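Keep in mind the model is a prediction, meaning the values are calculated, not measured.
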Amino acid sequence: VAAGAILVYQRYQAAPAELEARKRQSLAEAAKAQATREDSKPGPGKESTPLPSEGAALKTKEAKESATAAPSVKPVRAQVKTNPTDGQPYVWVPPGSFQMGCSPEDEECRSEEKPAHAVAIGKGFWMGQTEVTLGAYQRFVKATGNSMPFKPGPDQGESHPMVLVTYDQASAHCRWAGGRLPTEAEWEYAARAGATKPYYGSTPEAIAWFRDNSGYKVHPVGQKEPNQFGLYDMLGNVWEIVADWYGEEYYASSEPRDPKGPADGKTRVVRGGGCTGRSDVIRASYRGMFRPDNRAIDTGFRCVGEALP
């Protein structure tokens with residue numbers, strides 16, 4: 001055992017000159033490694049280069065994303081103009097195409113959200129940046145001589161969304177403002193703003209008022225995060241009436257370009273969910289129905305138009 005110990009000890013001993021040579025070699029290798037790391041750092045005029053395995057993983061990820069991404073929607077910096085008639089800000093929504101209906105891997109989709117199908121929006125349009133507000137509707141009433149559908153309460157200010165309107169009242173307001181109600185396809189295209197998951201933004205709580213955070217009451221518009229088109233409250237706070245008649249199986253025969261819904265029906269489509277809705281309703285593809293002569297405390301609308309007055 002002693003002899004073995006001596007052999008091991010002697011194996012790891014070296015003359016001073018040999019130790020010095022090893023020290024210089026180690027320092028040189030360390031300097032070379034540091035230079036390599038510095039060259040790989042991003043900087044002015046530099047781009048980081050992934051390792052071969054990382055590059056393969058990135059390509060695989062990009063391929064998967066492109067397979068489910070909207071074909072031609074490119075989120076843009078919001079172009080906002082004020083409509084001089086109703087005094088509300090409107091956002092330009094460019095033309096493009098998207099996958100309408102059930103989002104990929106969304107397990108909460110209902111049958112009326114299927115099948116998912118490609119839809120092209122042929123013309124861009126201006127859309128109200130928020131729902132029509134109480135203040136904007138009062139402006140409409142003053143200009144046209146119409147009456148308010150209800151007397152606002154003390155907790156309902158001009159920046160609250162206008163609610164308790166029928167389909168005809170919502171349509172009349174939009175015509176007066178120089179526009180119309182959006183089609184269901186225009187609404188979902190604008191709501192997604194390029195997003196392919198069930199909702200835009202980081203989390204439902206960040207973008208929408210709903211059952212979990214609203215206190216079961218309607219809030220003033222524009223308090224949550226907007227989507228990539230610069231539109232606020234496309235999900236949550238109040239349901240939004242759109243132009244289409246509701247058809248449960250309409251998606252199976254929907255037109256691929258600028259669909260306008262069934263030719264007739266008994267109920268209209270509402271979208272976006274409201275302040276009392278569950279989180280599974282706060283999804284871009286969720287479809288609700290609404291009797292044209294009905295009114296609800298959590299149902300409002302927003303307008304669109306090809307041009308502003």
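Taking both residues in full, the closest heavy atoms of F210 and S279 are given as CE1-CB, 3.7 Å, listed atom of the first, atom of the second, then distance. Across all their heavy atoms, V80 and P89 have their closest contact at CG1-CB, 3.8 Å. Contact record, L308 with K81: CD1-CB, 3.6 Å, taken as the closest heavy-atom pair. In this structure, P149 and R295 approach most closely via the heavy-atom pair O-NH1, 2.9 Å. The two residues Y216 and T276 make their nearest non-hydrogen contact at CD2-CG2, 3.8 Å.
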- Task: List the steps and the verdict of side-chain contact (heavy atoms from CB on, under 4.5 Å) for R278 and E108.
- Result: CA-CA 12 Å; R278 304 182 306 271; E108 295 181 321; over 6 Å; no
- Task: Check step by step if side-chain hydrogen bond (donor to acceptor under 3.5 Å, both in side chains) holds for T85 and R139.
- Result: CA-CA 9 Å; T85 302; R139 192 167 175 164; over 6 Å; no
- Message: Q88 vs T133, test: side-chain hydrogen bond (donor to acceptor under 3.5 Å, both in side chains). Steps then yes/no.
- Response: CA-CA 8 Å; Q88 292 217 184; T133 62; 3.1 Å; yes
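Every residue was checked against the salt bridge (charged side-chain N to carboxylate O under 4.0 Å, His left out) condition with D212, not counting sequence neighbours, and none meets it. For the side-chain hydrogen bond (donor to acceptor under 3.5 Å, both in side chains) test, residues two or more places apart in sequence or in another chain that qualify with T144 are N146. Residues passing the ring-ring contact (aromatic ring centres under 6.0 Å, His included) test with F140 are Y137, H173, W176, sequence neighbours excluded. Taking C109 as the reference, C102 meet the disulfide (SG to SG under 2.5 Å) condition, with sequence neighbours excluded. For E255, there are no salt bridge (charged side-chain N to carboxylate O under 4.0 Å, His left out) partners at least two apart in sequence or on another chain. Here D106 pairs with R283 under the salt bridge (charged side-chain N to carboxylate O under 4.0 Å, His left out) rule; sequence neighbours left out. Under the salt bridge (charged side-chain N to carboxylate O under 4.0 Å, His left out) criterion, E184 pairs with R271, R287, sequence neighbours left out.
Heavy-atom neighbours of E249 CD from other residues, nucleotides or ligands within 6.0 Å: at or below the threshold of 12.
Within the structure, every pair that satisfies the disulfide (SG to SG under 2.5 Å) test and touches residues 253-309, not counting sequence neighbours, is listed here: C174-C303. Applying the disulfide (SG to SG under 2.5 Å) rule to pairs touching residues 119-155 yields nothing, sequence neighbours excluded. Listed by first and then second residue, the disulfide (SG to SG under 2.5 Å) pairs involving residues 224-255 amount to none (not counting sequence neighbours).
Once rounded to the nearest 0.5 Å, the distance linking CD1 of I207 with OH of Y232 reads 13.0 Å. W187 contributes atom CH2, which lies 13.0 Å from atom CD1 of I241 (distance to the nearest 0.5 angstrom). One finds the OH atom of Y246 at 4.0 Å from the CD atom of E112 (value rounded to the nearest 0.5 Å). Here the straight-line distance linking atom OH of Y167 with atom OG1 of T299 works out to 15.0 Å at 0.5 Å rounding. The line from NZ of K260 to CG of D244 is 9.5 Å long, rounded to the nearest 0.5 Å. Rounded to the nearest 0.5 angstrom, R291 CZ and T267 OG1 are separated by 10.0 Å.
Using modelled atom types, one side-chain atom of Y189 and one backbone atom of P95 make a donor-acceptor pair closer than 3.5 Å. Under a 3.5 Å cut-off, the side chain of N237 and the backbone N or O of E131 do not form any donor-acceptor pair. Between the side chain of D233 and the backbone N or O of G222, at least one donor-acceptor pair lies under 3.5 Å.
Looking at H117 and Q99, their side chains never come closer than 4.5 Å, going by heavy atoms from C-beta outward. Under the 4.5 Å side-chain criterion, counting only non-hydrogen atoms from C-beta, P292 is in contact with R268. Contact of the H219 side chain with the S214 side chain is registered, since non-hydrogen atoms from C-beta on lie closer than 4.5 Å. Side-chain contact between N227 and M234 is present, with at least one heavy-atom pair separated by less than 4.5 Å. Contact annotation: the side chain of L181 approaches that of S171 to within less than 4.5 Å [non-hydrogen atoms, C-beta and beyond]. Within the 4.5 Å cutoff, side-chain heavy atoms of Y200 are placed close to those of L235.
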When the side chains of residues 157-165 are checked against the rest of the protein, which donor-acceptor pairs come out under 3.5 Å, sequence neighbours left out?
{"residue": "H160", "atom": "ND1", "partner": "G157", "partner atom": "N", "Å": "3.1"}
{"residue": "H160", "atom": "NE2", "partner": "D155", "partner atom": "O", "Å": "3.4"}

Can you give each donor-acceptor pair under 3.5 Å made by side-chain atoms of residues 119-129, sequence neighbours left out, with the distance rounded to 0.1 Å?
{"residue": "Q129", "atom": "NE2", "partner": "G230", "partner atom": "O", "Å": "2.9"}

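A cation-pi arrangement is found for K224 relative to W209, the charged atom lying closer than 6.0 Å to the ring centre and inside a 45° cone about the ring normal. Taking the ring axis of F98 as reference, the NZ or CZ atom of R192 does not stay both within 45° of it and closer than 6.0 Å to the ring centre.
A side chain to side chain donor-acceptor pair (under 3.5 Å) with S285 is found for exactly one of E188, K114, E113, namely E113.
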